[in-house]
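Everything on this sheet refers to the single structure shown next.
Everything numeric in this text was worked out from a predicted model, so none of it was measured.
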Amino acid sequence: MILSKFANKSFFTRLFSGIVLVAFMLATIIPGGNILFVTNLLISLIGVYELYKVLGIEKNTLGITGYLAVISYYVLLYLNKTDKMIILMVIFLIVLLAQYVFMFPKYKTEQISNAVMCMLYAGVMLSYLYVVRSGDNGAYAVWLIFLCSWGSDTCAYVAGVAFGKHKMAPVLSPKKSIEGAVGGVAGAAILGAIYAALFADKIRMHSNPIIVFAVICALGALISMVGDLAASAIKRNHNIKDYGKVIPGHGGIMDRFDSVIYVAPIIWILLQIF
């Protein structure tokens, strides 16, 4: 009975494209460096474009300014000059407000604030994938991001289909259940512990990496659900099903990386704490 719930075309399409996506991420994250940097930049730009498209500013001067701001931020990141980020954001806002003034009444105040939010959301937050990979224990710690997001999502999906009865967020995401959420958090913690056990001799940490990774993955799984629901809230507000069609069975970059965007900076913060 349970297995029959999985035996459908959409599930296998989602599974196949997921495998391809994982293979692609392996090919870019394992070598890291410039390969990951360029990949991360492109993914961020696509994510920002998808958000801007939903908000109707993807092709106008506000959108172009946003893309340039994302590229400028990545240049600062590459040069290790992120301490200049506040200057970049001030310039970004000044340019946006200048367009608002000199093209008045073409743009609305909401579009200005949306341009900034989306740049930070998909542009800056997602860059922490590269930041974590470039940091201490980066070659191993970076995979926590995916264990917390994609790993917990898979565990939550299986637990939800098998045992889900109580809706977690019926308005934003009717298919998500409390049972699935519990399964996602527990599954992520277990995956984190197993992963740490396999590479414990290669992870340099003052505390027991098995316990630390299990805790980080559990916390990260909770955060990933917020990221997933936040992206869903934007879609509900604008009456769309998916952000795009880049990934068959999943949708756009924002559909697949919605939880990664939230988890990546949190993993970096937790790693600094531990």
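- Side-chain atoms of Glu50 and Val246, non-hydrogen and from C-beta on, do get closer than 4.5 Å to each other.
- In this structure the side chain of Val70 reaches within 4.5 angstrom of the side chain of Leu41, judged on heavy atoms.
- Checked against a 6.0 Å centroid threshold, the rings of Tyr130 and Phe37 count as neighbours.
- A side-chain donor-acceptor contact under 3.5 Å links Tyr78 and Asn34.
- A side-chain donor-acceptor contact under 3.5 Å links Asn114 to the backbone of Glu110.
- The neighbour count for Asn80 CG, taken as heavy atoms of other residues, nucleotides or ligands under 6.0 Å away, does not exceed 12.
- Residues Met117 and Ile91 do not share a hydrophobic cluster, defined by chaining ILVMFWY side chains whose heavy atoms lie under 4.5 Å apart.
- The backbone N or O of Gly180 lies less than 3.5 Å from a partner atom in the side chain of Ser177, making a donor-acceptor pair.
- Scanning both residues, Gly151 and Leu191, for their nearest heavy atoms gives CA-CD1, 4.1 Å.
- Phe24 has its side chain out of reach of Val20: every pair of non-hydrogen atoms, C-beta onward, lies at least 4.5 Å apart.
- Remark: side-chain polar atoms of Asp255 are paired, donor with acceptor, to backbone N or O of Tyr243 under 3.5 angstrom.
- Of the possible polar contacts, none joining the Asp153 side chain to the Trp150 backbone as a donor-acceptor pair under 3.5 Å is found.
- Between the side chain of Arg133 and the backbone N or O of Ile30, at least one donor-acceptor pair lies under 3.5 Å.
- Within the 3.5 Å criterion, the main-chain N or O of Ala188 finds no donor-acceptor partner in the side chain of Ser152.
- Looking only at distances, a side-chain donor or acceptor of Tyr52 sits under 3.5 Å from a matching main-chain atom of Ala115.
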ask   = So Met125 and Leu120, side chain to side chain contact (heavy atoms under 4.5 Å, CB included) or not? Walk me through it.
value = CA-CA 6 Å; Met125 290 176 66; Leu120 291 172; 5.8 Å; no
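- Proximity of Ile57 to Asn60: side-chain heavy atoms (C-beta onward) are separated by under 4.5 Å at one or more points.
- The side-chain heavy atoms of Leu129 and Met25, taken from C-beta on, include a pair separated by under 4.5 Å.
- Side chain of Lys235 to main chain of Lys241: a donor-acceptor pair is present (N/O by atom type, distance under 3.5 Å, no hydrogens or angles).
- Closest non-hydrogen pair, Ala159 versus Gly183, comes out as CB-CA, 3.9 Å.
- Side chain of Gln272 to main chain of Trp268: a donor-acceptor pair is present (N/O by atom type, distance under 3.5 Å, no hydrogens or angles).
- In terms of heavy-atom proximity, Tyr73 sits nearest to Ser127 at OH-OG, 2.6 Å.
- The two residues Glu58 and Tyr67 have their closest heavy-atom pair at O-OH, 2.7 Å.
- In this structure, the side chains of Asn40 and Tyr74 come closer than 4.5 Å at one or more pairs of heavy atoms.
- When the side chains of ILVMFWY residues are joined at heavy-atom separations under 4.5 Å, either directly or via intervening members, Ile64 and Met119 end up in two distinct hydrophobic clusters.
- With contacts defined as side-chain heavy-atom distances shorter than 4.5 Å, the pair Leu62/Tyr100 does not qualify.
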Would you give me the side-chain donor-acceptor pairs under 3.5 Å for residues 192-211, sequence neighbours excluded?
| residue | atom | partner | partner atom | Å |
| --- | --- | --- | --- | --- |
| Tyr195 | OH | Tyr140 | O | 2.7 |
| Asn208 | OD1 | Ile210 | N | 2.9 |

